[in-house]
S.K.: 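Before I ask anything, here is the structure I am working with.
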Amino acid sequence: MKQYIVDAFTQKVFQGNPAAVCVLEDGKWPEEQLMKHIALENNLSETAFLLKEADGYRLRWFTPACEVGLCGHATLASGFVILNFFEPEAEKVYFYTQAGKLTVTRKGEMFEMQFPNIPLERVKVTQEMIENLGTIPLDAWMGKDLDLICVLADDEQVKSFTPDFQAINKMPGRMVHITAPGSDSYDCCSRCFGPKVGVNEDPVCGSAHCQIGPYWAKRLGQKVIRAWEASPRGGEVEIEILNDDYLLFRGHAALFAETILHI
């Protein structure tokens, strides 16, 4: 099985969010347990598996702990692999996923993806949130996919935040995101934590920005948001709101490795 390691949402290797992309060329899925073993062996936020179909590819994502229903950076990495190594003459590729049909389009040196705009519901800032985060959020929101977003005062709080993963694991939500207004050329700054799904800190989380991007777009009155994820690796995402249902992500990607899995 051919596997590629791609750093997504960055122009340089060793930054952004690394994803493994496994391209299945024998026309069938491996056993699910094997895909879980491969994801665990890779020990990256996500390993993507691609199976060719008539007008695109079936795409599934696995963390080291489980299969997930939506992943932005591994979709960008998958688009990078297909459009560079398998269909270099194509301008776009379609992926069929648990979250529906996703499109990755080549935009010069960047890649653009259409993703769902995930609605948010405001929730009360509880004492439990304060104790487990070790700081007092100004506001809190819950995404439709049950991710918790806690809004902090400024980006320095986000950058200097020291997560207690055992405490975060007790908080409501599949994942917990902290975000604040950005500085310099960025509109917002965020970090994303997912100990419940086997990823303590996701270096640059695309699905999180299906929620964070629309929040800041509405708050700032902007259609386009430039977001910085302040993880130790760091990465940038551009989000454009299309409507209440969809948005666009734009980002770069860098190839780290091409490998053969001997399984």
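As a basis for the values below, the full set of heavy atoms in this structure was taken, side chains included, without hydrogen atoms, waters or symmetry mates.
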S.K.: Salt bridge check, R250 against E240: does any charged N sit closer than 4.0 Å to a carboxylate O?
M.R.: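 So E240 pairs with R250 through a salt bridge.
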S.K.: Does the side chain of N17 come under 3.5 Å of the side chain of E229 through a donor N or O and an acceptor N or O?
M.R.: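 No donor-acceptor contact under 3.5 Å links the two side chains.
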S.K.: Please answer: with hydrophobic residues joined when any side-chain heavy atoms are less than 4.5 Å apart, are F49 and V23 in the same cluster?
M.R.: no
S.K.: Would you check if there is a donor-acceptor pair between the side chains of W61 and T97 at a distance under 3.5 Å?
M.R.: no
S.K.: Got a donor-acceptor contact below 3.5 angstrom from the D155 side chain to the V158 backbone?
M.R.: no
S.K.: Taking G173's backbone N and O only, do any of them form a donor-acceptor pair with K196's side chain (distance below 3.5 Å, no angle check)?
M.R.: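 Yes, the answer is positive, given that a donor and an acceptor are paired below the 3.5 Å cut-off.
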S.K.: Output yes when a side-chain donor or acceptor of R233 lies under 3.5 Å from a complementary backbone atom of G16, and no otherwise.
M.R.: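 Checking the backbone N and O of G16 against the side chain of R233, a donor-acceptor pair under 3.5 Å is found.
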S.K.: Parallel under 30°, tilted from 30 to 60°, perpendicular over 60°: which one fits the rings of F249 and F9?
M.R.: perpendicular
S.K.: Does the distance from a Lys or Arg side-chain N to an Asp or Glu carboxylate O, for R122 and D139, drop under 4.0 Å?
M.R.: yes
S.K.: Which is it for D202 and S231 under the side-chain contact (heavy atoms from CB on, under 4.5 Å) test, yes or no, and what are the steps along the way?
M.R.: CA-CA 8 Å; D202 200 356; S231 68; over 6 Å; no
S.K.: Hey, can you tell me if F14 and F256 have their rings parallel, tilted or perpendicular (30° and 60° cut-offs)?
M.R.: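 Because their plane-to-plane angle is over 60°, the rings of F14 and F256 count as perpendicular.
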S.K.: Checking the side chain of T63 only, and the main-chain atoms of G198 only, is there a donor and an acceptor separated by less than 3.5 Å?
M.R.: no
S.K.: Given the rule in the salt bridge (Lys or Arg N to Asp or Glu O under 4.0 Å) test, do E201 and R191 qualify, once you have shown the distances and angles that lead to the verdict?
M.R.: CA-CA 8 Å; E201 180 165 5; R191 290 173 68 186; 2.8 Å; yes
S.K.: Quick check against the 3.5 Å criterion: does N243 have a side-chain atom that pairs as donor or acceptor with the backbone of D245?
M.R.: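 Yes; judged by distance alone, with no hydrogens or angles, the pair exists.
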S.K.: Do F95 and L50 have side chains that approach each other closer than 4.5 Å (heavy atoms only, starting at C-beta)?
M.R.: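 Result yes, sub-4.5 Å side-chain heavy-atom pair found.
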S.K.: Can Y57 and F86 be said to form a ring pair (Phe, Tyr, Trp, His ring centres under 6.0 Å), step by step?
M.R.: CA-CA 12 Å; Y57 292 80; F86 290 82; 7.3 Å; no
S.K.: Establish, yes or no, whether the cationic atom of R60 lies under 6.0 Å from the six-membered ring centre of W29 and within 45° of the ring axis.
M.R.: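 Yes, a cation-pi geometry holds between R60 and W29.
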S.K.: Below 30° counts as parallel, above 60° as perpendicular, anything between as tilted: where do the rings of Y186 and W228 land?
M.R.: tilted
S.K.: Answer yes or no: is there an ion pair linking D187 with R226, defined by an N-O contact shorter than 4.0 Å?
M.R.: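 The answer is no: the pair does not qualify as a salt bridge.
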